[in-house]
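Below, read A as the first sequence line, B as the second, and so on, with proteins coming before strands; counting in each chain starts at 1.
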Amino acid sequence: MNWETALPLLIVLSSLIPGLIIFFLAEKQVVARITLNMAAALIKLALVGVMLWGVFHGHHYEIRLPFLPGLDLVLRADPLSMLFVTLSASLWLATTVYAIGYLEDSPNRSRFFGFFSLCVTATVGLALAGNLLTFVLFYELLTLTTYPLVVHRGTEVARLAGRKYLIYTVGGGALLLLATVWLYTLAGTLEFTARGFLSGLDAVHYPALIIIFVLLIAGLGVKAALIPFHGWLPQAMVAPAPVSALLHAVAVVKAGAFGIVRVVYDVFGIEFAASLGVTLPLAILASATIIYGSLRALFQDDLKRRLAFSTVSQVSYIVLGVAVAGPIATIGGLVHLVHQGVQKITLFFCAGILAETLGIHKISEMNGVGRRMPWTMAAFTIGAFGMIGAPPLAGFISKWYLGLGALDAGQNWVIFILAASSLLNAAYFLPILYRAWFKAPPASWPDERSFGKRETAWALLAPAVITAALTLGLGLLASMPYSPLEWVRFITEQEYAP
Amino acid sequence: MSNIVNIFLLLLAPGLPLLLAIPALRRRVPWPAHLALLPTIVLLFLPGSFSVELPWILWGNAGMGIDTGARWWLAISVVIWAASASCLQTPDRRGAGNRLTTLFLLTLVGQIGGILATDMVSFFTFMTLMGYAFIGLLIDGGDEKTRRAGRIYLVLLILADIALFEALLIAARSTDDLGYEAVALAIPPSPSSALYLSMVIAGFALKAGFWPLHVWLPLAYGSARPAVALLLWVVPVGTGLFGAVRWLPLGELSAPIAGTLLQALGVAGILYALLFKVMRAQWKQLPAHTAIIAVGMFAMGLGTGLLDPAVWNQYGHLVPVFVAAVGLALAIMIAAFVWLEKREVFPSESDREALWLERWAKDIIRWGRRAGGDTLPELCALWLARWDSFWQAFTWQELFDAGEYLLQRWELAITLFLLLGMVSVALLWLDATSVL
């Protein structure tokens, strides 16, 4: 085994092994747990950095482990997988710091951080999967490792939410597995290939392929929270804030969206999918989800629920960008994978800070909170404006390429979806900012904790401020070398190369 | 060497106020609002035109620069900003005063950056920052009238941003270079030119408060603090007008329909303000109506420029002078009113009698209410609940009330959105086959 075969495996193991060790640590071994968590996150990030450099310079990283006759478990680095792996590894580091601060003094931390690490292992494995079989295995592993995080608090509400989450995601996984097996019987391979591996099949199989596409999208759409499979996501808000951040920005929702990207580009191939006539319905479904999610968000008073419905809406931009065939829309969709993650994690970090520091859970309780917590609310403001798509923040870059891509592909109706979505985003985010900055604060907060002269614990505030700065930087410096936008251009050039 | 200084100053003009907008960085800085203007003032006195490209920013073709036109806008801006900064100083440098200074500086960043931008995307970026920061500046510590003005302006701003974003997309389809000059050359031969013009005119009409979208201006002038009232002309209105001049392919394209429409809007705005408003306005609202008249004149000028490019090429350079003159006149007017008000020269303000046209409109609304409009929800609720219990009727009633409240609260927004939507759909439909 050389370096180029070992690296993908090392990246997966860098969170798996610490995660397993953490399970056996006693609650009181705080230093050991923090050291393991931080070391694992930093090592993973360093390994990902090396691999990113290698992939950019044409190195080939792949490892094959025999699994079934004719089917290997494959971990492979390609530009698309690196986009997701880098996002996961970077945001995992931020979330780990945040979770350490958030769960200080709370029970069952070893269990929490153990599953937390396994969850990231599954996400990274899924991102590096070189075929659909490996993808499905890690996809299921992700379901099983996130369930204990959702029910972590152990309350009745949490258990109900967890049950709903499990029903939805296991159901989705079953559909995915069914479609994968069916696909294998037709194509004889499941290897992800640039421009897909199905275009050579006989036309007699096309109706079956359309059904398989629907099954795959339904299976992946559960995690991507496409309507009507989105029901679990707002319920899962009972989970602690770091888990919400992980679900919405790093792992679960993104895994679904990333899976749809893989299916459209590397299983079917965008041109073949368009010729089957499945991309337009997918674009319509994504558009409906964008509008539905925004409308539902508008009427939520619970801050995390509003953010959850916002995720339902925003993640579908990725699907929309993929479904509107063409290189420019693809850039918009793929870059939103990163941009939405950074923006949404900022918002969830801030929601968690408000809950932990002042006991604020509802938007109606946020009057004047900007005066009490200016740094937190400044970070929230940047995240919210990013979501609206205001320039020069990251969300603007995504919307720009989506709009331009839609015009380029002759699908002008998408512009109206984007416009309506921006309007709705403004309608559900700006009132929060108005309350926070311009209304008078109450005499006392629901459940205030004192942190001395600081507005909150640094371990909570620092990740939020850093991700807010990233939201600004990813938009403002979008054309900088190695920026997500440049990387996505690199992916798209390969995908659409003549 | 001088080139490096020029570039440094170009970046510092919006950069310094941006840094000072962070409260922690200006804590020990005296007069931060004045200090923030220094690089811009120095920039004004540097001879010639120069610019800088910013390759990593946004799409890589962003830039900033100064030319003769921008210098005029910058000059009047600096004067007004300095006057406003002097009014802004409060003994309380913490709390609300502190936040006000942040909003003031952010608005300054947006306005100065917008004038110095050499491409549409940079301008759009700075203008967005300016717009939202200005709303904060307007409503901070304001009364219900000011908040209402802020709400209306916010809705207009969002709609304007959407229209301008679409204009940007259309421009980007025509040319890779979104610099003003490149766009002005690329749009006229483009089949999307009509749609582009529509979006740009709609966007800047919303931003600058063209008649009949001026509703927020009298409210804002009437209730805003003097420091903010001074800024109303140069910030939302003036920068909107500046944007229209930069974004429209004036002197390159003859567009009779758009030109005539703008002229008609201009005339209507002037007549409306002169005949219906000026004579009966409160003193503090007079600058608003003067601004509406000036915007009307400006719209007529733009319309003429679109009708006949040669006229624009001959007289277009006078536009910044006109804006500067109006800005100065308004600033003097506001200062005089503040001075007179402090000396209690004015009689107490009260609403004067409504005009016959308004009385008619109000009568019609009142008759409609008497005819049953007000009781309609209750009747509907009773009808819907006729087969079920009292509680269902109660629920229906609540639902109607909520719906009615929502409609009342957002009636302007909904109307504007529908109007914009209808216009956009109609234009897209007209252009769909040949344009995009």
Side-chain angles (χ1 to χ4, degrees), chain A residues 298-299 328 370-371 374-375 378 381 384-385 388-393 396-397 399-416 418-427 429-431 433-434 437-440 473-483 485-486 489, chain B residues 22-24 54-62 95-96 98-99 102-103 121-129 131-132 135-136 139-142 147 150-151 154-155 157-159 161-163 165-166 168-170 172-173 192 195 402 406 410 413 417 420-421 424-425 428-429 431-432 435-436:
Chain A
L298 206 55
F299 297 101
I328 304 175
R371 298 184 195 183
W375 284 96
T381 304
F385 272 110
I388 293 168
L393 302 171
F396 177 63
I397 305 289
K399 284 192 179 173
W400 172 264
Y401 279 99
L402 284 170
L404 207 56
L407 288 181
D408 193 54
Q411 301 201 29
N412 303 338
W413 59 273
V414 171
I415 302 293
F416 288 95
L418 293 177
S421 166
S422 292
L423 201 69
L424 290 168
N425 286 341
F429 274 122
L430 293 182
L433 303 183
Y434 175 72
W437 291 111
F438 296 105
K439 285 207 165 183
L474 292 178
L476 194 64
L477 302 173
S479 297
M480 199 176 76
Y482 293 99
S483 70
L485 179 64
E486 287 300 301
R489 280 178 178 157
Chain B
I22 301 168
L54 305 166
W56 284 2
I57 304 292
L58 296 165
W59 287 272
N61 58 4
N98 213 349
R99 190 177 53 193
T102 298
L103 291 167
V121 180
S122 304
F123 178 84
F124 186 60
T125 302
F126 280 117
M127 198 163 181
T128 305
L129 173 65
Y132 288 107
I135 288 171
I139 62 176
D140 190 48
R147 284 199 294 276
R151 277 200 301 271
L154 177 64
V155 173
L157 189 71
I158 294 167
L159 294 177
D161 283 344
I162 290 171
F165 180 69
E166 296 194 16
L168 265 175
L169 291 177
I170 296 164
R173 282 269 291 155
S192 321
L195 191 56
L406 188 81
W410 292 94
F417 184 61
L420 185 78
S424 309
V425 169
L428 269 183
W429 183 74
D431 281 350
V435 174
L436 298 170

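Only the side chain of B:Y132 comes within less than 4.5 Å of a heavy atom of chain A; its backbone N, CA, C and O stay farther away. In this structure, the portion of A:L430 lying under 4.5 Å from any heavy atom of chain B is its side chain and not its backbone. Heavy atoms closer than 4.5 Å to chain A are found nowhere in B:L157, neither backbone nor side chain. Neither the backbone nor the side chain of B:L54 comes within less than 4.5 Å of any heavy atom in chain A.
Partners of B:L169 according to the side-chain contact (heavy atoms from CB on, under 4.5 Å) rule, which considers only residues two or more places apart in sequence or in another chain, are A:W400, A:L404, A:L407, A:I415, B:F165. In terms of the side-chain contact (heavy atoms from CB on, under 4.5 Å) criterion, residue partners of A:I397 (sequence neighbours excluded) are, by chain and number, A:H339, A:Y401, A:A478, A:L485, B:L58, B:W59.
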TODO: Apply side chain to side chain contact (heavy atoms under 4.5 Å, CB included) to the pair B:I135 and A:F438, showing each step before the final yes or no.
DONE: CA-CA 11 Å; B:I135 288 171; A:F438 296 105; over 6 Å; no
Task: From CA spacing to verdict: side chain to side chain contact (heavy atoms under 4.5 Å, CB included), A:L423, B:L159 - done: CA-CA 8 Å; A:L423 201 69; B:L159 294 177; 3.9 Å; yes
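Considering only heavy-atom pairs separated by less than 4.5 Å from chain A, the leading option among B:P23, B:G136, B:S122 is B:G136.
The distance from atom CZ of A:F385 to atom OG1 of B:T128, rounded to the nearest 0.5 Å, is 9.5 Å. In this structure, CD1 on B:I158 lies 7.0 Å from CD1 on A:I388, to the nearest 0.5 angstrom. A distance of 7.0 Å separates CZ in B:R151 from OH in A:Y434, rounded to the nearest 0.5 Å.
In this structure, the side chain of B:R99 engages the main chain of A:W437 through a donor-acceptor pair within 3.5 Å.
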